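Following: one structure in structure tokens, then a few remarks.
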Amino acid sequence: MPFRLLIPLGLLCALLPQHHGAPGPDGSAPDPAHYRERVKAMFYHAYDSYLENAFPFDELRPLTCDGHDTWGSFSLTLIDALDTLLILGNVSEFQRVVEVLQDSVDFDIDVNASVFETNIRVVGGLLSAHLLSKKAGVEVEAGWPCSGPLLRMAEEAARKLLPAFQTPTGMPYGTVNLLHGVNPGETPVTCTAGIGTFIVEFATLSSLTGDPVFEDVARVALMRLWESRSDIGLVGNHIDVLTGKWVAQDAGIGAGVDSYFEYLVKGAILLQDKKLMAMFLEYNKAIRNYTRFDDWYLWVQMYKGTVSMPVFQSLEAYWPGLQSLIGDIDNAMRTFLNYYTVWKQFGGLPEFYNIPQGYTVEKREGYPLRPELIESAMYLYRATGDPTLLELGRDAVESIEKISKIKDLRDHKLDNRMESFFLAETVKYLYLLFDPTNFIHNNGSTFDAVITPYGECILGAGGYIFNTEAHPIDPAALHCCQRLKEEQWEVEDLMREFYSLKRSRSKFQKNTVSSGPWEPPARPGTLFSPENHDQARERKPAKQKVPLLSCPSQPFTSKLALLGQVFLDSS
């Protein structure tokens, strides 16, 4: 019987061709060119099925060949797939989709949306596509990358999320209504990842637009989590954003926590921020001390360190890739090989795997085509060239084609949902694993010099930082509009000082008619009033001055290498 991807034979959606084993020329290793083409065919099978059966809904339902809205009615799969199109080399479709999104996506709607998911998928996807537009042949505005329609869309979406951060702690609610803000009855309980996964997108947005409010709220949320850690250095799973008290006290590296740790590392690399990296390294010590057992990572009670769940979650498979970013390759490979044994046991990673029993956990048997183990393989292969990592890629392609998205790894039942991350992450990481010459892997030997209103800007030199939805951000782009941001602050400070002095002098003037004290207008969308603006500026951590592009050396005793990998100086 032919292999199937996502959709069964009798229900209209297209069928993938059958493929037989495809070792390399010497019969021992997968042939990257062969599997690269199969991954590309996999992408278009799913992408075309979405366009034909589900657009403009968020996601495809493959068993019924229709669509449904899941995260907010954004045509989410199209946004998530956009930068993957360019990575696969499809410039014309990238250009077409950019036009479609400008015409069809509306954020001014009465919809309750996940703050976390909207940020990583929509804001992240639009920012990445904006920064890749010129490479894709899109005719960009004169002020690009500091202006452009996709940037404006990303900013509009992000502004819809800002009301969620208006809490006593600065930690955001998990859900916000895009039209009305936070609902009065909204639960104040948010998972840790839902609080600490904004700095990559929001700092990028602040740098490109010149409005610091996005980076400010992201940093405050990160700091509140850091200040809420236990005495033994761990954080729990869910916290009350109104009181700052932990509701779920399980500590681990998986679901509900994962991307918080990821964004400390990636935020440190993107922003060249010593403090964020120091925070992660401190967490890393506690994680190794209390949750690591024989290169597995368990769940423990955050205050006592006692084991609460001896399970491996498929979402934890990002961890070896994250370890590679700090140069901890040996530990990363050992953990990766543990996770790979689970994949080989089932032909995929079950959502939960009981480590002592060596089997799945009831009601957590599914594999929804998650990307995390493939993501780690891609990072580690770039760092080591170990052919074992290509074997995982081969196994992933074969498994996905044979068993499709499955509801239960024990009997391979199908599920009627294709999440947008399949096209944004799973396929992208697979393709990049087998495509060593992709522009994403640029080592800095080529680049683009772009003239902006704020000076010359170097882009496309490599070292892309992937957000947690695999949307690549070019770190150099953050410096393109930096002068705009700094000059705006300087002008506002001068105006504030001038009018403050003017008001002081007016106290000594008689017979003066005044309509009230003048204040310079707050920056668009800012959560801080003019009176508190100076205090907010004082709370903002001092940032290290970085040249527009400093090659080959980078700050904080590190080197920025391929795919943003950072190898810390052992001295």
Side-chain angles (χ1 to χ4, degrees), residues 40 43-44 47-48 50-51 55-56 74-107 120-158 200-201 204-205 207-210 420 423-424 427-428 431-432 435 437-442 446-467 469-481 484:
K40 188 179 290 189
F43 172 85
Y44 285 115
Y47 179 76
D48 292 344
Y50 167 77
L51 290 180
F55 178 78
F74 304 128
S75 299
L76 189 58
T77 295
L78 205 56
I79 294 176
D80 249 354
L82 184 50
D83 50 35
T84 308
L85 285 167
L86 183 60
I87 287 172
L88 268 58
N90 195 336
V91 170
S92 59
E93 181 64 3
F94 183 100
Q95 295 172 358
R96 187 190 74 84
V97 172
V98 167
E99 296 295 329
V100 169
L101 291 176
Q102 291 179 62
D103 294 338
S104 62
V105 176
D106 181 14
F107 299 115
I120 67 170
R121 303 192 195 212
V122 178
V123 178
L126 291 171
L127 282 174
S128 178
H130 164 72
L131 293 174
L132 293 172
S133 292
K134 191 175 181 67
K135 183 175 288 290
V138 174
E139 186 174 346
V140 297
E141 297 179 359
W144 183 90
C146 308
S147 66
L150 294 181
L151 177 60
R152 288 190 286 273
M153 290 176 68
E155 182 179 4
E156 182 184 0
V200 170
E201 299 84 1
T204 300
L205 198 54
S207 294
L208 296 179
T209 64
S420 67
L423 297 181
V427 172
K428 183 183 293 163
Y431 191 81
L432 289 172
D435 189 19
T437 62
N438 197 279
F439 74 87
I440 288 289
H441 299 318
N442 183 9
T446 62
F447 57 88
D448 297 316
V450 180
I451 303 300
T452 76
Y454 318 106
E456 186 177 59
C457 181
I458 303 298
L459 294 174
Y464 289 90
I465 305 298
F466 287 100
N467 86 335
E469 190 77 0
H471 295 304
I473 301 295
D474 187 344
L478 274 67
H479 304 292
C480 291
C481 315
L484 169 67

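Just so you know, these numbers come straight off a predicted model, no measurement behind them.
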Side chains of Gln95 and Ser133: closer than 4.5 Å at any heavy-atom pair? no
Check against side chain to side chain contact (heavy atoms under 4.5 Å, CB included), Phe466 and Val200: CA-CA 9 Å; Phe466 287 100; Val200 170; over 6 Å; no
Answer yes or no: is there a donor N or O on one side and an acceptor on the other, between the side chain of His441 and the main chain of Leu432, under 3.5 Å? yes
Tightest non-hydrogen contact, residues Ala157 and Val122, listed as CB-CG1, 4.1 Å
Around Phe447, counting heavy atoms of other residues, nucleotides and ligands shown, do more than 12 lie under 6.0 Å from its CZ? no
So which heavy atom on Leu76 is nearest to which on Tyr50, and how close? N-OH, 4.4 Å
Which value, rounded to the nearest 0.5 Å, describes the distance between Glu156 atom CD and Leu126 atom CG? 10.0 Å
Side-chain donor/acceptor of Glu469 to backbone N/O of Gly125, under 3.5 Å: no
Side chain to side chain contact (heavy atoms under 4.5 Å, CB included) evaluation trace for His479 with Cys457: CA-CA 8 Å; His479 304 292; Cys457 181; over 6 Å; no
Side-chain donor or acceptor of Thr209 paired with backbone N/O of Leu205 under 3.5 Å: yes
Nearest heavy-atom contact between Gly460 and Asp474 is N-OD2, 2.7 Å
Taking the side chain from Ser128 and the backbone from Ile473, do they hold a donor-acceptor pair closer than 3.5 Å? no
Stepwise, does the side-chain hydrogen bond (donor to acceptor under 3.5 Å, both in side chains) test hold for His471 with Asp80? CA-CA 8 Å; His471 295 304; Asp80 249 354; 2.7 Å; yes
May I ask you to decide whether Arg96 forms a salt bridge with Glu99, counting only side-chain N to carboxylate O separations under 4.0 Å? no
Parallel, tilted or perpendicular: which describes the rings of Tyr47 and Phe43, with under 30° parallel and over 60° perpendicular? parallel
Hey, is the main chain of Leu78 close enough, under 3.5 Å, to the side chain of Ser75 for a donor-acceptor pair? no
Would you say the side chain of Ile440 lies within less than 4.5 Å of the side chain of Asp435, judging by non-hydrogen atoms? no
Please find the pair of heavy atoms, one from Tyr454 and one from Cys481, that lie closest to each other, and give the distance. CD1-CA, 4.3 Å
Gap between atom CZ of Arg121 and atom OG1 of Thr77 - 0.5 Å precision: 8.5 Å
May I ask you to decide if the ring planes of Phe74 and Phe107 are parallel, tilted or perpendicular, using 30° and 60° as cut-offs? tilted
Between Lys428 (side chain) and Ile87 (backbone), is there a donor-acceptor pair under 3.5 Å? no
For Leu208 and Ala477, which heavy atoms make the closest approach, and how far apart are they? CD2-O, 3.6 Å
Applying side chain to side chain contact (heavy atoms under 4.5 Å, CB included) to Phe94 and Leu88, what does each step give before you reach the verdict? CA-CA 10 Å; Phe94 183 100; Leu88 268 58; over 6 Å; no
Do the side chains of Leu51 and Glu93 get nearer than 4.5 Å, heavy atoms only? yes
With a 3.5 Å cut-off and sequence neighbours excluded, list the donor-acceptor pairs that the side chains of residues 138-150 form with protein atoms.
unit_1 : atom_1 : unit_2 : atom_2 : d
Glu141 : OE1    : Ser147 : OG     : 3.0
Glu141 : OE1    : Gly148 : N      : 3.4
Glu141 : OE1    : Arg152 : NH1    : 3.3
Glu141 : OE2    : Arg152 : NH1    : 3.2
Glu141 : OE2    : Arg152 : NH2    : 2.6
Trp144 : NE1    : His130 : O      : 3.0

Sub-4.5 Å side-chain heavy-atom contact between Asn467 and Glu201: yes
Please examine the side chains of Asp448 and Ile458, heavy atoms only from C-beta on, and report whether any two atoms are closer than 4.5 Å. no
Without hydrogens or angle criteria, can the side chains of Asn438 and Tyr431 be said to hold a donor-acceptor pair below 3.5 Å? no
Flag, side chain of Thr446 to backbone of Asn442, donor-acceptor distance under 3.5 Å: no
Mind checking whether Asn90 and Tyr44 have side chains closer than 4.5 Å, heavy atoms only? yes
State, with a plain yes or no, whether a side-chain heavy atom of Leu101 is found less than 4.5 Å away from one of Leu82. yes
Side chains of Leu459 and Cys480: closer than 4.5 Å at any heavy-atom pair? yes
